[in-house]
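Just so we're on the same page: letters track the sequence lines, and every chain starts at 1.
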Amino acid sequence: MQQLADSLLQTGFLQGVPTEAGYALVIAFFAFVLLNFIMLIAGVTSWLERRVWARIQSRVGPNRVGPQGVIQWLADGIKNIMKEDIVPAEADRPLFKAAPYLAMMGFFATFAVIPFGDGLVVADLNVGVLYITAVTALVVVGILMAGWASNNKWALLGGIRSAAQIISYEIPAGIAVITVVLFTGSLSMQTIIRAQGWAPWDWFLFANPFLCIASFIFFVSALAEGNRTPFDLPEAESELVAGAFTEYSGLRNLLFFLVEWGNLYVIGALYTTMFLGGWQIPPITEQPVIQGVLQFATFFAKSYFLVFVAMWIRGTLPRVRVDQLMTLCWKYLVPITFANLIGAMIWFVLFPNGLAIMRFAMFALGVAVTIYFFSRILFHLRRARPRLRLNPIS
Amino acid sequence: MEAAEIHRRLRDKLGNAVEPTLQDGDWPACEVRAAAVAEACRFLRDDPDLRFDCLSNLSAVDRKAADQIEVHYHLFSYAHRHQVVVKASSPRLDPVLPTVSNVWPIANWLEREAFDLMGVTFVNHPDLRRILMPEDWVGHPLRKDFVEPEEYHGISTRRESLLKI
Amino acid sequence: MSTAGIEIGLERETPAGLETEEMTLNMGPQHPSTHGVLRFVVKADGEVMRRAIPDIGYLHRSIEKISEKVGYHGFMPYTDRVDYVSAMQCNQGWAMACEKLASIEVPRRGEYCRVIACELGRIASHLISVGTTGMDIGAFTPFTHALRERERINNLLEELCGARLTFNYMRIGGCAWDIPPGFVKRASEFVEQFEPLIDEYNELISFNKIYVERLANVAIVPAEMAIAWNLVGPNLRGSGVKYDVRKDVPYSVYPELEFDVPVGTGERGTLGDSYDRYMVRMNEMKESCRILRQALGGIPEGPVIAKVPRTFKPPPGEVYVRVEASRGDMGWFVVSDGTAFPARTHIRTGSFSAMAIIEELSKGLMIADLVAVIASLDIVAPEVDR
């Protein structure tokens, strides 16, 4: 983006404008574009989640507003904006009002380094993944503030649980990221992607068993950081009506939920960058525009697949209790992830350029698992077919 | 064990506090004087041949004609699979009975219900307060002479008949 | 219903000079847990509860007093509302109590219709119970799947009596209507299709590690405690006591039907924990399917209702009849003074004891467990408050 701004200032559109103002304009423009894009993603993710969740529960989900209900999120957004703005009487007003914006900032800022293509990135910081890990911690502050400022004991409990959960699970997530960084030698997101290839057997997911384990640990920890089931105790509807967000209504509520759904996408994007080869595409074309579009589409599709997996898990698994959650993190995930890191270090020392046989073996294993999975699905579908035809209204 | 035998043992233990005749029926009933209820229940639970380990039901009946409130204790034994009813009567104006909540823990709530709805006071009950009605309710609803108050916290209890004939 | 009646002493512990203040939380009458209008005043030390004091009475409709005003026949619709999740068994309880008072014998066809209706109602009620247990634990999917099956039962019962929730199907002396043509075939189809689904639900959720961890070893109720607190039904059987009113004090045509009584085994965790109670309900659904098959296969011919006078005046007396409802043995105590109106009705329900025992069980549990315990004890508010 720096080069784009410079080129615009010197020879393009913004000739003659003072440098700082020019930079500011470009930044503002990109921020605006990115904000719209994110809100669109978050909204569509909310629709997708409701449909996926409903189908898993043998319901239909929203299908009225627009074709198949795709603009349901727009209707919900407008409804939320039009709601009455209630601040509880005894609540801490400045904190209460600021909390959603902090959470939004924490989540929005991560998009500065997410690479959508080879050059389609706002700022390719050389501390990319570290920056993301650091900035998502702002979300914790936002949730804690929300829980405290609501003047509601249940909200406070929810906020505290959430804060404890997120900061605990940052450790396995961080160490899993370090495992990847070990193999690329750089924290920058683009470098990590370029260290992988376009073909599945070139992805870090199949590079060696340590990275595979790291990928699972990262996914689980990222789910916990995003307050998703099975770790959604802070928003457990059966106990604390909406956890830390109980007292929020209207636009502020909407912002919190957009943060949650958008976070899903960030998780998917991070996972794609680190383990699924990012935007790498096979070398089919030389045209930069088509390349850019294809890269964007690939990255988007891969991230969205991860988002879909997260929704799928939400529809299937029950919730873990707080002490079990902490036990899982500290007694199981942290030691496993450290052992994994040490194993990865040993592997890296032994095979600094990777081992082709291991890559192909892991890839074959992955393919075998996928085929088995689909065969089981087909088996269940065939078994269920006679019952699926039973119409309940008969 | 047969009901007659249970009755006999109870009478042996408590003497005149137990009525001499056993009331027949599906659940044979022993009438016990009000003051001796707790002792009778404790004996019925602790005696190894009787072992009435379960208080199945505790109901208070308003016998307006006899000016008594009769409390029925339906006892059941899981150990020996026999059953008996213990009845105790108390004057209607101020019914007082000893508590059996230290014999069977469930009696705590059942006695609270009898107190709330019928006005029976249980002596030595750990926590005798209303359970179903609001705390500030006046009167005991299930009594035969209960008159509904005109209003409760400003909400009127009288309403026009919905049938307009 | 304020906390004025409940002492909220702030207990200050001083281990090593530290002061821990208890939080008093209110799990209020409006609550997303779908067990009805219940309230708990929870005194918690952070996440761990010291006590959870139940506050009941929000759904008290003085049904017992109403029976004294509407008479024996007129009370039948009200009995549905005593436990609207499994209303057929409540109907049966009242009908049996009145029949015992007046020594009326129900024709065999009527008894078979009653058994079929009750067992269908039992399956429906257990489906809701296991579904809401799953939902309270966080798995939303079993709930919707269970409700999907319950829809089919609702359709069957709607054919039978016209209503989906509060049936008012039975009358004193038998059943109101005979089974419609084709009902036996449709009900048998339902049973054939439903029974393998119980195994499917078990695979989906019952043996899931997270689910087991949430329920096993939580709120263990030993057998003596269960008996002393008068827990009944699946709660009692989950603690290992093999007692079922249908087998031990048989009524209706249950002596002719063959079925087992599932008992908790402590397979995962300890005997008498929440998981045992949950599994007892899952197994009871299978047994209900078995009963249904036998009953549907052998319905005798004849009338469904005995001749009962329009003004029903049973001789003076009192009767205590027990029915195995979904939530346990429901005791119907009816006192008759010879008039057309009962002198006293008292309904002793299983959820009442279950609510009473929660205060005892909640000591040392976490707040997240409280919801699991309420769900595993299968408490419905209308039964508690009547």
Side-chain angles (χ1 to χ4, degrees), chain B residues 23-27 29 45 51-65 69-79 81 83 85 87 101-110 112-114 116-118 127 129-137 140-144 146 148, chain C residues 1-7 53-62 64-65 68 100-101 223-232 236 241-243 248-249 317-322 329-335 337 343-349 352-357 359-360 384-386:
Chain B
Q23 290 174 20
D24 217 358
D26 184 43
W27 286 66
R45 185 196 67 171
R51 291 273 286 148
F52 281 101
D53 41 18
C54 174
L55 174 66
S56 190
N57 183 29
L58 193 159
S59 298
V61 184
D62 188 357
R63 302 268 191 208
K64 188 139 189 266
I69 289 198
E70 204 177 56
V71 177
H72 294 235
Y73 298 79
H74 289 84
L75 306 177
F76 181 73
S77 166
Y78 282 96
R81 303 289 163 104
Q83 58 205 31
V85 180
K87 292 192 201 178
S101 52
N102 40 14
V103 181
W104 299 286
I106 186 58
N108 191 324
W109 272 37
L110 287 167
R112 275 178 68 186
E113 188 186 344
D116 186 7
L117 297 177
M118 213 46 113
D127 184 22
R129 58 190 161 92
R130 290 191 180 268
I131 188 172
L132 291 175
M133 306 302 293
E135 266 102 23
D136 52 0
W137 190 263
H140 299 282
L142 244 53
R143 288 212 175 188
K144 296 287 183 195
F146 174 71
E148 226 182 344
Chain C
M1 315 283 175
S2 61
T3 54
I6 304 171
E7 38 85 40
I53 307 165
D55 183 12
I56 65 176
Y58 285 89
L59 208 47
H60 179 62
R61 295 149 292 173
S62 62
E64 297 168 355
K65 181 113 183 151
E68 298 168 20
K100 202 166 225 171
L101 272 175
E224 307 83 39
M225 188 177 177
I227 294 176
W229 282 87
N230 198 15
L231 285 184
V232 288
L236 181 67
V241 179
K242 192 168 180 143
Y243 185 80
D248 294 287
V249 190
E318 51 212 29
V319 72
Y320 184 62
V321 157
R322 301 198 286 171
D329 126 29
M330 197 186 270
W332 290 79
F333 175 65
V334 185
V335 175
D337 55 1
R344 169 83 163 110
T345 310
H346 186 221
I347 312 161
R348 213 274 303 132
T349 52
F352 192 72
S353 330
M355 270 304 261
I357 204 177
E359 182 168 358
E360 192 62 33
V384 178
D385 296 336
R386 283 157 275 129

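Closest of all the heavy-atom pairs between Tyr78(B) and Val232(C) is OH-CG1, 4.5 Å. The two residues Ala228(C) and Trp104(B) have their closest heavy-atom pair at O-CB, 4.1 Å.
Using a 4.0 Å cut-off between charged nitrogen and carboxylate oxygen, Arg386(C) and Glu113(B) count as a salt-bridge pair. Ionic pairing of Lys64(B) and Glu68(C) is not present here: no N-O contact between side-chain nitrogen and carboxylate oxygen is shorter than 4.0 angstrom.
Among the candidates Glu360(C), His346(C), Met225(C), the residue making the largest number of heavy-atom pairs closer than 4.5 Å to chain B is His346(C). Contact count against chain C (heavy-atom pairs under 4.5 Å) is highest for Leu110(B) among Asp62(B), Leu110(B), Asn108(B), Asp116(B).
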Would Gln83(B) and Arg322(C) satisfy side-chain contact (heavy atoms from CB on, under 4.5 Å), going step by step from the backbone distance to the final call? CA-CA 12 Å; Gln83(B) 58 205 31; Arg322(C) 301 198 286 171; 4.0 Å; yes

Start with the C-alpha distance between Val335(C) and Arg63(B), add both sets of side-chain angles, then the distance that settles side-chain contact (heavy atoms from CB on, under 4.5 Å), and finish with yes or no. CA-CA 10 Å; Val335(C) 175; Arg63(B) 302 268 191 208; 3.5 Å; yes

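Within the 4.5 angstrom heavy-atom criterion, no atom of Arg130(B) approaches chain C. Only the side chain of Leu236(C) comes within contact range of chain B, judged by heavy atoms closer than 4.5 Å. Only the side chain of Val241(C) has a heavy atom closer than 4.5 Å to any heavy atom of chain B. Heavy atoms of Asp248(C) lying under 4.5 Å from chain B belong exclusively to its side chain. Proximity to chain C (any heavy atom under 4.5 Å) is shown, for Arg45(B), by neither the backbone nor the side chain. Contacts of Arg112(B) with chain C are absent, with no heavy-atom separation under 4.5 Å from either backbone or side chain. At a 4.5 Å heavy-atom cutoff, the contact between Ser353(C) and chain B is made by backbone and side-chain atoms alike. For Pro141(B), the part lying near chain C is the backbone, with the side chain staying farther off; criterion is any non-hydrogen pair under 4.5 Å. Within the 4.5 angstrom heavy-atom criterion, atoms from both the backbone and the side chain of Met355(C) approach chain B.
Panel note: side chain Arg348(C), backbone Leu58(B); no donor-acceptor pair is recorded below 3.5 Å.
In this structure, CG on Asn57(B) lies 10.0 Å from CZ on Phe352(C), to the nearest 0.5 angstrom. Separating the CD1 atom in Ile106(B) from the CD1 atom in Ile357(C) is a distance of 8.0 Å, to the nearest 0.5 Å.
Around the CZ atom of Arg51(B), the shell of radius 6.0 Å holds no more than 12 heavy atoms that belong to other residues, nucleotides or ligands.
Residues Phe76(B) and Tyr243(C) meet the side-chain proximity criterion, which asks for heavy atoms closer than 4.5 Å. You'll find the side chain of Leu117(B) reaches within 4.5 Å of the side chain of His60(C), heavy atoms only. No side-chain heavy atom of Asp53(B) sits under 4.5 Å from any side-chain heavy atom of Glu224(C). Side-chain atoms of Glu70(B) and Arg344(C), non-hydrogen and from C-beta on, never get closer than 4.5 Å to each other. Residues His72(B) and Glu318(C) meet the side-chain proximity criterion, which asks for heavy atoms closer than 4.5 Å.
When the side chain to side chain contact (heavy atoms under 4.5 Å, CB included) test is applied to Ala107(B), the partners found at least two apart in sequence or on another chain are Leu55(B), Val100(B), Ser101(B), Glu111(B).
With hydrogens and angles left out, the side-chain atoms of Tyr320(C) and Ser56(B) include a donor and acceptor closer than 3.5 Å.
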